[in-house]
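Structure record follows, encoded as structure tokens.
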There are 2 protein chains.
Amino acid sequence: MNNEMVIRITRYYRILNRLRSLGLEKVFAHNLADAAGVSAAIVRKDFSLLSIYGQKRGGYEIPELMTKLGSILGKTDKLEHVIIVGCGRIGRALMHYTGFEQDGIKVVAGFDSDPSIYNDPNHPVPVYPTSRIEDVVKESDTKVAIVTVPETATADTFQRLLSAGIQGVLNFSPITLKPIKKADGTQVIVHNVNIALELEQIFYELQSPNILQQ
Amino acid sequence: MNNEMVIRITRYYRILNRLRSLGLEKVFAHNLADAAGVSAAIVRKDFSLLSIYGQKRGGYEIPELMTKLGSILGKTDKLEHVIIVGCGRIGRALMHYTGFEQDGIKVVAGFDSDPSIYNDPNHPVPVYPTSRIEDVVKESDTKVAIVTVPETATADTFQRLLSAGIQGVLNFSPITLKPIKKADGTQVIVHNVNIALELEQIFYELQSPNILQQ
DNA sequence: CCATTAATGTGAATAATGATACAATAATCG
DNA sequence: CGATTATTGTATCATTATTCACATTAATGG
């Protein structure tokens with residue numbers, strides 16, 4: 001299963017979750033396609049490749065589909081743990097974000113190098129000095145970190161996270177981090193989210209003549 | 001020039017900007033490749049397709065390269081305007097973000113439906129009630145909006161932005177917005193950034209056996 | 001000034017992706 | 001119960017993106 005497909009499957013899963021909570025029991029490929037912003041053919045193809053079959057002319061049963069997709073995505077009942085490194089405005093906004101829970105994600109702690117931030121008791125999750133990353137990560141069994149530190153601190157932060165045993169990073173800094181193969185042969189997963197870059201792309205697409213969007 | 005390539009070119013441009021500010025004058029394809037997280041072959045291919053040529057064994061001259069890439073990306077001296085719709089924690093964090101300016105982006109206003117937010121004078125940019133989107137957009141000549149409203153308000157907000165004449169949207173809500181062809185034939189550009197989805201993907205990749213990342 | 005090295009530039013091969021078309025099947029309706 | 005319609009499932013095709021391989025050029029060093 002390739003990367004694009006993981007994104008689509010995750011999207012399908014979230015959409016199904018919402019449809020189910022509206023009381024729906026069945027769904028057609030083209031419904032999912034519309035909601036996920038892809039073609040119906042690709043939805044059917046995805047399911048076909050995953051050996052998921054619906055009923056001819058009857059679509060797919062939502063609960064069954066969710067079970068299968070969930071098992072492919074490795075969904076469990078327990079919440080996945082993440083830490084947030086860098087408790088500036090963006091980091092703190094994410095700490096307060098209540099939407100993670102419905103997607104099975106829990107922010108277990110924040111970290112910052114500034115004492116006025118980690119000594120401030122008014123955070124929705126515990127905030128520690130960055131020196132404590134390693135022990136909190138181990139204690140809380142956390143594998144994934146969100147990085148919201150300033151650009152200049154990004155490289156150091158990444159190194160620190162690697163030595164603390166973090167295996168996945170969602171990086172919001174404008175420095176592009178790269179997946180690194182660790183000494184033990186495992187690869188660290190890195191996703192970079194660059195907001196200014198997204199905006200620049202949008203401006204480019206607006207200004208450019210050929211629109212081949214989605 | 002396709003989508004992926006726009007992303008890469010924009011990345012190259014930002015990296016060059018940083019290298020230049022460190023005093024560098026030349027750059028090799030593999031340097032750019034490393035910093036952008038791609039292969040050197042693709043950097044050379046990109047430049048080749050854009051008719052950008054370096055010196056054999058000498059690499060590329062940074063100022064010249066930036067001029068060319070800048071003109072391809074439509075970079076100008078004046079700042080590109082964006083508005084932020086939804087001034088919750090994430091919206092406000094973006095309003096305070098100082099990194100946009102160095103990428104030629106300026107947040108001209110925020111909007112919220114909650115009077116206690118738009119009546120609060122302590123924002124780094126003016127914040128108005130959502131009813132004023134249309135006139136502020138027109139007055140300030142803004143084409144792009146960042147959407148940071150709650151999930152339930154997303155669809156309405158999108159409609160309102162379209163009627164206000166917005167042409168590009170960066171959507172942070174978990175509802176996937178789709179590019180819509182408007183009555184006048186132009187297409188609205190939409191980019192969706194879904195933080196929970198990114199995390200879910202990371203968890204999937206960690207759990208899945210085959211690592212084919214980047 | 002020749003041999004070696006380090007880079008660029010690009011055609012061809014390969015791989016990945018998505019679209020198309022249509023057969024297969026089930027439901028519906030007269 | 002036959003005709004029609006709606007939908008799935010997939011084989012094939014077309015396109016795009018990426019890597020590979022290597023010719024080309026320039027610099028370096030003995």
Side-chain angles (χ1 to χ4, degrees), chain A residues 1-12 15-16 19 24-62 64-66 68-69 72 178-179 201 205 208 210-214, chain B residues 1-12 15-16 19 24-62 64-65 68-69 72 176 178-179 201 205 208 210-214:
Chain A
M1 175 147 85
N2 72 35
N3 244 317
E4 290 303 308
M5 196 164 156
V6 177
I7 300 177
R8 290 197 300 268
I9 301 295
T10 313
R11 282 227 164 92
Y12 302 154
I15 293 161
L16 290 169
L19 293 177
L24 297 197
E25 290 175 4
K26 295 196 165 188
V27 67
F28 297 130
H30 68 261
N31 301 134
L32 274 176
D34 286 347
V38 298
S39 74
I42 224 174
V43 173
R44 298 202 303 273
K45 188 91 171 204
D46 283 343
F47 290 172
S48 175
L49 291 172
L50 295 170
S51 309
I52 291 174
Y53 303 103
Q55 300 124 331
K56 298 262 160 129
R57 207 190 154 126
Y60 303 84
E61 309 255 353
I62 291 180
E64 189 192 332
L65 190 48
M66 287 192 71
K68 286 182 176 164
L69 295 181
I72 288 160
K178 280 176 299 176
Q201 270 180 263
E205 288 166 35
S208 94
N210 55 332
I211 297 163
L212 301 171
Q213 265 299 87
Q214 291 202 358
Chain B
M1 177 148 84
N2 73 35
N3 246 319
E4 290 303 308
M5 195 165 158
V6 177
I7 300 176
R8 290 197 301 267
I9 300 297
T10 312
R11 282 227 164 93
Y12 302 155
I15 293 160
L16 290 169
L19 294 176
L24 298 197
E25 291 175 5
K26 295 196 166 190
V27 68
F28 297 131
H30 68 261
N31 300 135
L32 275 176
D34 285 347
V38 298
S39 74
I42 225 173
V43 173
R44 298 202 304 273
K45 191 86 172 196
D46 282 343
F47 290 173
S48 174
L49 292 173
L50 295 170
S51 308
I52 292 174
Y53 303 105
Q55 299 128 332
K56 296 263 158 126
R57 207 189 154 127
Y60 303 85
E61 308 256 354
I62 291 180
E64 189 194 331
L65 190 48
K68 286 182 176 163
L69 294 182
I72 287 160
T176 304
K178 280 176 297 177
Q201 270 179 263
E205 288 165 35
S208 95
N210 56 330
I211 296 165
L212 302 169
Q213 263 299 87
Q214 292 204 2

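A note on names: the letters A, B, ... follow the listed sequences, proteins ahead of strands, and every chain is numbered from 1. Note that this is a predicted model, so its numbers are computed, not measured. When reading the values below, keep in mind they use all heavy atoms of this one structure, side chains included, and skip hydrogens, waters and symmetry mates.
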How would you list, by chain and number, every residue that makes a side chain to side chain contact (heavy atoms under 4.5 Å, CB included) with A/Ala33, sequence neighbours excluded?
->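 Side chain to side chain contact (heavy atoms under 4.5 Å, CB included) check on A/Ala33 returns A/Val38, A/Ala40, A/Val43.
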Could you state the atom-to-atom distance from [atom1] of [X] to [atom2] of [N] in whole Å?
{"X": "A/Asn3", "N": "C/dG18", "atom1": "CG", "atom2": "C1'", "answer": "16 Å"}
{"X": "B/Glu4", "N": "C/dT17", "atom1": "CD", "atom2": "C1'", "answer": "12 Å"}
{"X": "A/Met5", "N": "C/dA15", "atom1": "CE", "atom2": "C1'", "answer": "17 Å"}
{"X": "B/Ile42", "N": "C/dT10", "atom1": "CD1", "atom2": "P", "answer": "16 Å"}
{"X": "B/Lys26", "N": "C/dA6", "atom1": "NZ", "atom2": "C1'", "answer": "13 Å"}
{"X": "B/Leu32", "N": "C/dG9", "atom1": "CG", "atom2": "C1'", "answer": "16 Å"}

Pairing residues for [X] by the side-chain hydrogen bond (donor to acceptor under 3.5 Å, both in side chains) criterion, not counting sequence neighbours:
{"X": "B/Lys68", "answer": "B/Glu64"}
{"X": "B/Arg8", "answer": "B/Asp46"}
{"X": "A/Glu4", "answer": "none"}

Per-nucleotide protein contact string for nucleotides 6-15 of chain D (B base, S sugar-phosphate only, - none; heavy atom under 4.0 Å) | BBBBBBB---
Residue pair A/Leu32 / A/Phe47, side-chain heavy-atom distance below 4.5 Å =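 A/Leu32 vs A/Phe47: side chains touch.
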Enumerate the residue pairs fulfilling side-chain hydrogen bond (donor to acceptor under 3.5 Å, both in side chains) with a member in residues 25-43 of chain A, sequence neighbours excluded, ordered by first and then second residue.
->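 Counting only pairs at least two positions apart or across chains, no side-chain hydrogen bond (donor to acceptor under 3.5 Å, both in side chains) contact touches residues 25-43 of chain A.
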